[in-house]
There are 2 protein chains.
Amino acid sequence: MILTLREGRLHVLVVERGEAPFRGMPALPGGFLNHDREEILDAAHRELNEETALASNWVHLEQLAVYGDSDRDPRGRVISVAHLAIAPGLPDPLAGTDATDASWVPAEAVLSGEVELAFDHRRIATDGIEHARTKLEFSSLATAFCEEEFTIAELQQVYEAVWGTKLDTRNFYRKVQAAKGFIIPVGTDRRSTGGRPARLYRAGPKTVLFPPLIQPTPSATEENPNGEEE
Amino acid sequence: MILTLREGRLHVLVVERGEAPFRGMPALPGGFLNHDREEILDAAHRELNEETALASNWVHLEQLAVYGDSDRDPRGRVISVAHLAIAPGLPDPLAGTDATDASWVPAEAVLSGEVELAFDHRRIATDGIEHARTKLEFSSLATAFCEEEFTIAELQQVYEAVWGTKLDTRNFYRKVQAAKGFIIPVGTDRRSTGGRPARLYRAGPKTVLFPPLIQPTPSATEENPNGEEE
DNA sequence: CCCCTTCTTGTGAAGTTGACAATAACTGAG
DNA sequence: CTCAGTTATTGTCAACTTCACAAGAAGGGG
């Protein structure tokens, strides 16, 4: 599953299936091992490249889980190793790719079921998005959604888009800078669209965030309605 | 990989290989799908039962990751779906099991390389133990190491054994009880070995812990040696 | 020069964590 | 019954962290 940020919202790449089963229905991009010697991670990189023509050394790519239910593909037993790829915002046309019938759909549309996916791909997408949401808290994964150089405001937009929440700007600045090794200042500024120039940062060496950036709990106010205690 | 607690320490179940390759060397228990229709999770349960004769509805069992490097098995391409099983302390002899050549080895011995495992099983074991350590922080996984009814002191021993640290008893009591839905009191006590009876608890409905129980950082004191600041 | 836009920063109150030791409840021996 | 031994359980204060909250800084354009 390939995730990116477009217009401040989380999007998933889907391809329209050209063959049965589920012909014409959107599905997560994927494919089979080319030969017996192909490494699984290499195959994931290859598929990623075929779908997005992305310089694959730039994108984050990790293994998610295995989906192997015997009835998940009507053609027979297919065991899929789901991977999660994350890339900075990509252009809409996806020009020059094999799959011209590929498109970005908002993550919300997949989660809500508004867009139906082939096979058990909705389940996979749900798991993957949940994985990304959780991992934003404890890892530097958010930088994978950004270009090489980014501003703190952009990084905040990543968190807000993936979590679907609004964050306090001042506290966000303090926290990301407190997590040493998360982001490191480049030194130069970026001329913005008519405002104060923003400092640029690059992803730091640390992949685990400490202290973590905890997702605000929507149930914080309704947590203890009438103060029940032992 | 099957983990348990024995004598207050984390142990891994290994079986001595009866055939080449790696004949006579310890390996993680495992096997192949029986037939084309067998579900992966069912197969994991089956293997677990064959090795430990455990009532498999009692043990925690979850998927870990896929290991599919083309050269990880000299016989040819083998793709393994690693699973993590966790059970309360089991008797030593492992009587009545298929694998009479099975034994518990301390996790430390595997991590340090003191005990060498066949294939890439040391890598798998390392990943699995690390997974368990992390998951103790944010989930109720620790209760899987305990019997149905357990005391807070026993639960603390789980954390200390898996993390390899000592924890403050009073703070531990406060934290586990603050995480609503983690453990729920049974009401009865257990007559202990000559001390004050301990209250018994069962695992609560919540699987995610909030607030989490953070692993103490050994580097807390040496974090900022000479206070370097911007 | 002024207004607009965007980025950046500080403070005080409230809550949380971590270090620390005394007491409660039972068992078994005398 | 009493006492010693053993294990389980609980409270407090200081240090730290988090949250809520608004004003100023730096550039662009008219």
Side-chain angles (χ1 to χ4, degrees), chain A residues 8 137 146 149-160 163 165-180 183-201 209-221 223-224 227 229-230, chain B residues 8 137-138 146 149-160 163 165-180 182-201 209-221 223-224 227 229-230:
Chain A
E137 298 189 318
C146 299
E149 299 189 341
F150 53 87
T151 69
I152 294 187
E154 286 167 354
L155 193 62
Q156 183 179 349
Q157 284 169 25
V158 172
Y159 278 89
E160 291 182 337
W163 286 348
T165 58
K166 289 292 174 191
L167 299 177
D168 180 86
T169 307
R170 280 174 289 189
N171 292 338
F172 187 79
Y173 268 73
R174 175 160 41 85
K175 286 179 180 179
V176 295
Q177 288 174 334
K180 295 285 172 66
I183 58 173
I184 52 185
V186 171
T188 58
D189 291 356
R190 169 185 295 173
R191 60 183 175 290
S192 59
T193 58
R196 172 175 176 173
R199 290 205 192 106
L200 288 173
Y201 294 83
L209 247 55
F210 194 84
L213 284 157
I214 303 296
Q215 212 171 150
T217 69
S219 56
T221 52
E223 175 110 43
N224 216 355
E229 200 62 31
E230 184 184 355
Chain B
E137 300 190 316
F138 308 107
C146 300
E149 299 190 340
F150 52 88
T151 69
I152 295 187
E154 286 167 356
L155 193 62
Q156 184 178 349
Q157 285 169 23
V158 172
Y159 277 89
E160 291 183 337
W163 285 349
T165 58
K166 289 291 174 194
L167 299 176
D168 180 86
T169 307
R170 280 174 289 190
N171 292 338
F172 187 80
Y173 269 73
R174 174 157 43 91
K175 286 180 178 178
V176 296
Q177 288 174 335
K180 296 285 172 64
F182 180 21
I183 57 172
I184 52 184
V186 170
T188 59
D189 291 356
R190 168 186 296 172
R191 59 182 178 288
S192 58
T193 58
R196 171 175 176 172
R199 291 204 193 106
L200 288 174
Y201 294 82
L209 247 55
F210 193 83
L213 284 159
I214 303 296
Q215 211 171 149
T217 70
S219 56
T221 52
E223 174 109 44
N224 216 356
E229 200 62 30
E230 184 184 353

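In what follows, chains are A, B, ... by sequence order, proteins preceding strands, each numbered from 1.
The CD atom of Q156(A) lies 8.0 Å from the CG atom of D168(A); values are rounded to the nearest 0.5 Å. Interatomic distance, CG of L155(B) versus CD of E160(B), reported as 10.5 Å (0.5 Å rounding).
Residues F138(B) and I214(B) have side chains in contact (heavy-atom distance under 4.5 Å, counting atoms from C-beta outward). Q177(B) places a side-chain heavy atom less than 4.5 Å from the side chain of I152(B). Using a 4.5 Å heavy-atom threshold, the side chains of L200(B) and T151(B) count as touching.
Here dC21(D) presents its P atom at 11 Å from CG of N171(A), a figure rounded to the nearest Å. Here dA8(D) presents its C1' atom at 12 Å from CD of Q157(B), a figure rounded to the nearest Å. Here the P atom of nucleotide dT17(C) and the OH atom of Y173(B) are 19 Å apart, to the nearest Å. Atom-to-atom, CG of D168(A) to P of dG10(C) comes out at 15 Å; the value is rounded to the nearest Å. Residue L213(A) contributes atom CG, which lies 14 Å from atom C1' of dT17(D) at whole-angstrom precision. A straight line from CD1 of I183(B) to P of dA8(D) spans 14 Å, rounded to a whole angstrom. One interatomic measurement links the two molecules: CZ of R199(A) to C1' of dA25(D), which rounds to 11 Å at whole-angstrom precision. Atom NZ of K175(A) is separated from atom P of dT8(C) by 18 Å (rounded to the nearest Å).
Between the side chain of Q215(A) and the backbone N or O of E137(A), no donor-acceptor pair lies under 3.5 Å.
Comparing L200(A) and R174(A) by the nucleotide of DNA chain C that holds the closest heavy atom to each, the one mapping nearer the 5' end is L200(A).
Looking only at atom types and distance, the side chain of E154(A) has no donor-acceptor partner in the side chain of Y201(A) under 3.5 Å away.
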Please list each protein N or O that sits under 3.5 Å from an N or O in nucleotides 5-7 of chain D, with the distance.
unit_1	atom_1	unit_2	atom_2	d
dG5(D)	N2	G194(B)	O	2.7
dT6(D)	O2	G194(B)	O	3.1
dT7(D)	O2	R196(B)	N	2.9

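Put simply, the side chain of R170(A) and the base of dA20(D) share no donor and acceptor less than 3.5 Å apart.
D189(A) comes within 4.0 angstrom of nothing in the nucleic acid, heavy atoms only. T151(B) comes within 4.0 angstrom of no nucleic acid atom, judged by non-hydrogen atoms across all strands.
Among the nucleotides dT9(D), dT18(D), dT8(C), the one closest to the side chain of P211(A) is dT18(D).
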